[in-house]
Amino acid sequence: MKRNILIFLFLMIIFLLASCNDPVFYTVSRELPPLIPRIAGSPTNLVNFDGKMYVASGRNLFNYQNDVWNHMQLPGWIRDISATNNYLYACIEGNPMLKRSADGIAWEDISTEGLNIQSLFGAGNQLFFSVLTGSVYEFYYVQDGSSSAVPIDGTFSLLSGIAFNGTYFLCTSDGIYYTTGGSPIITLVPETSSRNFRGIILLGDNVTVVAITRGGDLFNITVGGAVSLNVSMGGRPSNDKGTLAVYTTKWEGHVPIFMLLAGTQDVLNSFSSSDTHGYLELELSLAGGFEAGSSFRWPGSFPSSSVHDYERYLSSIGKHGVNHILQAADGVLFASTQQKGVWSYRDRSHIGGWQWNAEE
């Protein structure tokens with residue numbers, strides 16, 4: 001009996017030693033305790049406006065500035081938020097659905113009675129939003145200073161993003177459209193109608209506009225067309241939101257580096273049960289534009305990154321869907337996750353140092 005117990009203990013030690021060399025075991029060993037999020041559930045997108053970062057959940061509108069959070073309640077469930085140069089906008093269940101504020105405190109109604117608003121995106125001095133009418137979408141725009149929405153000619157698919165470099169580029173899965181603003185007419189960008197674009201963004205040089213397809217391919221977008229940048233996620237798709245963000249590293253003692261962050265997800269099949277989501281990184285030029293020869297890589301897998309440690313990234317936010325990601329004015333990187341609330345990348349010395357975890 002004693003001999004059997006010794007053999008069992010010996011085998012257990014061998015098993016544990018072998019397991020420690022297993023990548024999965026090692027990744028699990030790097031997991032940190034999850035924190036209770038200040039903003040739970042599936043929050044809206046994140047918006048920088050007037051020096052503060054805004055996000056909403058339920059009826060609560062939160063704002064963040066220099067490690068201080070405040071919040072207020074709006075008169076209804078907040079479906080989405082966005083911002084232009086001069087106004088913060090909120091889409092609220094019920095009529096009127098659209099409100100705006102110049103200071104995030106005093107709100108005024110925009111005339112949108114009867115419109116079933118599904119998404120809204122602001123840039124420059126205009127807000128664009130999509131309205132579900134039957135089985136198609138119609139677009140409207142609101143200029144800063146106006147209290148009414150103007151319909152745009154035509155029917156479209158859901159508006160999924162906007163970029164502005166002097167020209168407004170509106171992203172849908174059926175094509176990307178452009179306008180100089182202040183017009184009820186928008187024009188389809190050539191060679192974009194069949195590529196299934198999901199997200200669009202203006203890079204840090206304030207000139208280059210790039211869009212990402214569902215398949216994870218990047219294209220440079222101009223009024224003349226869509227040009228492939230010969231960069232993809234290596235077979236991984238962009239997530240459903242087409243999540244894109246520009247991030248600037250701000251580690252002490254390091255030269256700032258521009259990066260494009262792109263939300264991704266696994267392709268699941270009968271041979272895979274992985275639940276990896278998270279985001280990938282693409283290093284940009286020193287001026288913030290696209291760098292020829294760059295490729296997407298995992299956060300933490302190279303010295304220049306938005307995080308310090310790949311395994312910690314993989315065992316934390318790498319397991320969750322990232323609906324939106326944004327760098328606040330003070331440099332902190334935030335993410336609005338699919339079901340786990342608002343997260344941030346911070347030095348949490350009380351539970352192990354730098355890590356992605358729920359914003360407390």
Side-chain angles (χ1 to χ4, degrees), residues 31-49 52-58 60-65 67 69 71 78 80-83 121 160-161 198-199 201 212 216 233 236-250 258-266 275-282 296-301 305-348 351 353-360:
E31 290 188 4
L32 295 162
L35 299 173
I36 298 175
R38 171 189 295 268
I39 306 167
S42 297
T44 66
N45 55 325
L46 303 155
V47 173
N48 281 326
F49 174 71
K52 298 178 182 179
M53 186 194 73
Y54 288 83
V55 63
S57 181
N60 294 306
L61 178 69
F62 298 84
N63 69 69
Y64 166 90
Q65 186 176 39
D67 280 340
W69 283 96
H71 80 279
I78 305 169
D80 206 356
I81 62 173
S82 193
F121 296 92
S160 59
R198 291 305 177 102
I201 194 169
I212 193 164
M233 290 184 172
R236 299 177 63 86
S238 167
N239 63 18
D240 290 337
K241 297 286 187 178
T243 305
L244 294 172
V246 172
Y247 175 73
T248 306
T249 59
K250 294 193 175 183
F258 287 99
M259 281 181 286
L260 177 67
L261 312 182
T264 185
Q265 65 188 55
D266 269 356
D275 61 351
T276 302
H277 296 286
Y279 64 94
L280 296 177
E281 301 175 337
L282 178 74
F296 278 113
R297 61 200 187 195
W298 289 109
S301 61
S305 177
S306 61
V307 303
H308 295 75
D309 188 304
Y310 167 68
E311 281 80 16
R312 278 197 173 180
Y313 154 82
L314 192 63
S315 64
S316 56
I317 203 165
K319 299 192 301 181
H320 302 298
V322 177
N323 286 345
H324 199 78
I325 191 165
L326 186 70
Q327 187 174 22
D330 63 358
V332 178
L333 190 60
F334 288 89
S336 180
T337 69
Q338 204 159 2
Q339 296 178 326
K340 301 295 182 179
V342 172
W343 282 43
S344 61
Y345 187 72
R346 294 181 177 276
D347 184 3
R348 295 175 169 90
I351 55 170
W354 283 97
Q355 62 189 269
W356 273 108
N357 213 322
E359 175 74 358
E360 294 182 284

>> Checking L260 against I201 for the side chain to side chain contact (heavy atoms under 4.5 Å, CB included) test, could you report, in this order, the C-alpha distance in whole Å, the side-chain angles of both residues, the deciding distance, and whether it holds?
In response: CA-CA 9 Å; L260 177 67; I201 194 169; 3.9 Å; yes
>> Would I81 and L61 count as a side chain to side chain contact (heavy atoms under 4.5 Å, CB included) here? Give the steps.
In response: CA-CA 9 Å; I81 62 173; L61 178 69; 4.2 Å; yes
> Hey, mind stepping through S160 and K241 against side chain to side chain contact (heavy atoms under 4.5 Å, CB included) and telling me if it holds?
Replying inline: CA-CA 7 Å; S160 59; K241 297 286 187 178; over 6 Å; no
>> Let's go through D67 and R346 carefully: what are the C-alpha distance in whole Å and the side-chain angles of both, what is the deciding distance for salt bridge (Lys or Arg N to Asp or Glu O under 4.0 Å) to 0.1 Å, and is it a yes or a no?
In response: CA-CA 11 Å; D67 280 340; R346 294 181 177 276; 2.8 Å; yes
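Side-chain atoms of P237 and Q265, non-hydrogen and from C-beta on, do get closer than 4.5 Å to each other. At least one side-chain heavy atom of P43 sits under 4.5 Å from a side-chain heavy atom of V55. Contact check for H320 versus K340: side-chain heavy atoms found under the 4.5 Å cut-off. Contact of the M233 side chain with the I212 side chain is registered, since non-hydrogen atoms from C-beta on lie closer than 4.5 Å. Considering only heavy atoms from C-beta on, F334 comes within 4.5 Å of V342 through its side chain. With contacts defined as side-chain heavy-atom distances shorter than 4.5 Å, the pair M53/L46 qualifies. Taking the side chain as every heavy atom from C-beta outward, I317 and V322 approach each other to under 4.5 Å. Under the 4.5 Å side-chain criterion, counting only non-hydrogen atoms from C-beta, T248 is in contact with Q327.
Remark: side-chain polar atoms of N357 are paired, donor with acceptor, to backbone N or O of P33 under 3.5 angstrom.
For the residue pair D240 and R198, the shortest heavy atom distance occurs at O-NH1, 3.6 Å. Nearest heavy atom pair, residue A56 against residue I78, reads CB-CG2, 3.6 Å. Counting all heavy atoms, side chain and backbone alike, T249 lies closest to M259 at CG2-CE, 3.3 Å. Shortest non-hydrogen contact noted between I325 and L261 is CD1-CD1, 3.8 Å. A pairwise comparison of heavy atoms in N48 and A83 identifies O-CB, 4.3 Å as the closest pair. The shortest heavy-atom contact between Y247 and S305 is CE2-O, 4.5 Å.
With rounding to the nearest 0.5 angstrom, the NE2 atom of H324 is 10.0 Å from the CG atom of L244. The distance from the CG atom of N323 to the NE2 atom of H277 is 10.5 Å, given to the nearest 0.5 Å. Within the model, atoms CH2 of W343 and CD1 of I39 stand 14.5 Å from one another, a figure rounded to the nearest 0.5 Å. We find the OG1-CG distance between T264 and L280 to be 5.0 Å, quoted to the nearest 0.5 Å.
In this pair, F49 and Y54 present their aromatic rings tilted. The plane angle is within the 30 to 60° band. Using cut-offs of 30° and 60° on the angle between ring planes, the pair Y279 and Y313 is perpendicular. Taking the six-membered ring for Trp and thresholds of 30 and 60 degrees, Y345 and W356 have ring planes inclined between 30 and 60 degrees apart. In this structure, W69 and Y64 have tilted ring planes: the angle between them lies in the 30° to 60° band.
Residues passing the side chain to side chain donor-acceptor pair (under 3.5 Å) test with R38, sequence neighbours excluded: none.
A donor atom on one side chain and an acceptor atom on the other are not found under 3.5 Å apart for S316 and Q355.
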